[in-house]
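Here's the structure we're looking at; comments come further down.
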Amino acid sequence: TRSTRPQRLLKAVQKKAIKGDPQSVISTIDYFCRHSEWAMNVGDEKGAILDSVVCEVSPSTALELGTYCGYSAVRIARLLPPGTKLITLEFNPDYAAVARQIIEYSGLQDKICLVEGASGDLIPKMQELFGIKTLDFVFLDHWKDRYLPDIKLLEECQLLRKGSILLADNVICPGTPDYLEYVRNSPRYESKYFKSHLEYTKVEDGLEKSVFLG
Ligand SMILES: O=C(NCCNC(=O)c1cc(-c2ccc(F)cc2)cc(O)c1O)c1cc(O)ncn1
Ligand SMILES: [Mg+2]
């Protein structure tokens, strides 16, 4: 049977990228998605904004919702200070299987903990599973209708503290209208929109950065 797009993306990484070199894995994926097959990675343009926020926050505890092929997990983990880990949750086992191999190829497997499962089930178990109290940084890039319920869950589970940073992908395309309305109108968040484009296209998209005020 025909291979899947994530499998073809993995093949390109194994063929073209330098093993153990996260930047070459990132560049290979961006080249493949621009010149061979589009795929829903955050991409290079929004990726540069993600990089700058990760560097600014320099998180001790970081969570990603929606691993897909592991592109943004590699982007984030390559910038984390030594001794810190990124926890990334992926619901789709086929995506998770490819992501594990791309993460391993990049050499960042010791800085990334990929957990398969539904975010709604895993978030309430985060403290016990990972021995963490609160999260310094959360990157939201999973199902767009899960952004709002999941940050409400993060609040309820007391995983956010004064100053925790949420960064959400695709707030324009495909769009997360209920999430945007909430973080922009809630007194518990200070929100800022970073205008950009849908990965590898000229379509408008952007990232929403929200600080939890406690
Ligand atoms: O689809 C699952 N996750 C990806 C979430 N991400 C997206 O849907 C996403 C989509 C787009 C996008 C934008 C324009 C367009 F025309 C088509 C797609 C871009 C992005 O940057 C994303 O992040 C999924 C499946 C499954 O079976 N189980 C658990 N999760
Ligand atoms: Mg996305």
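Residue numbers count from 1 along this sequence. When a ligand or atom number is given, it counts from 1 through the structure's own listing order.
In summary, the side chains of D178 and Y147 do not present any donor paired with an acceptor at a separation below 3.5 Å, with no hydrogens or angles considered. If you check the side chains of S210 and E190, you find no donor sitting under 3.5 Å from an acceptor. Y68 and N92 share no donor-acceptor pair across their side chains, judged by distance under 3.5 Å alone.
The cationic atom of R184 (NZ for Lys, CZ for Arg) lies less than 6.0 Å from the six-membered ring centre of Y193 and within 45° of the ring axis. For the pair K125 and F130, the cation does not sit on the ring face, since its NZ or CZ is not both under 6.0 Å from the ring centre and inside 45° of the axis.
Ring geometry for F139 against F137 counts as parallel: the plane angle stays under 30°, on a 0 to 90° scale with 60° as the upper cut.
Between N170 atom OD1 and D169 atom OD2, the angle centred on the Mg ion (ligand 2) amounts to 80° (nearest 10°).
Annotation: the span from S196 atom OG to E45 atom CD amounts to 3.5 Å, rounded to 0.5 Å.
Looking only at its N/O/S atoms, D141 has OD1 as the one nearest to the Mg ion (ligand 2).
Protein neighbours of ligand 1 below 4.0 Å, counting non-hydrogen atoms: W38, M40, E90, F91, N92, Y95, D141, H142, W143, K144, D169, N170, C173, P174, L198, E199.
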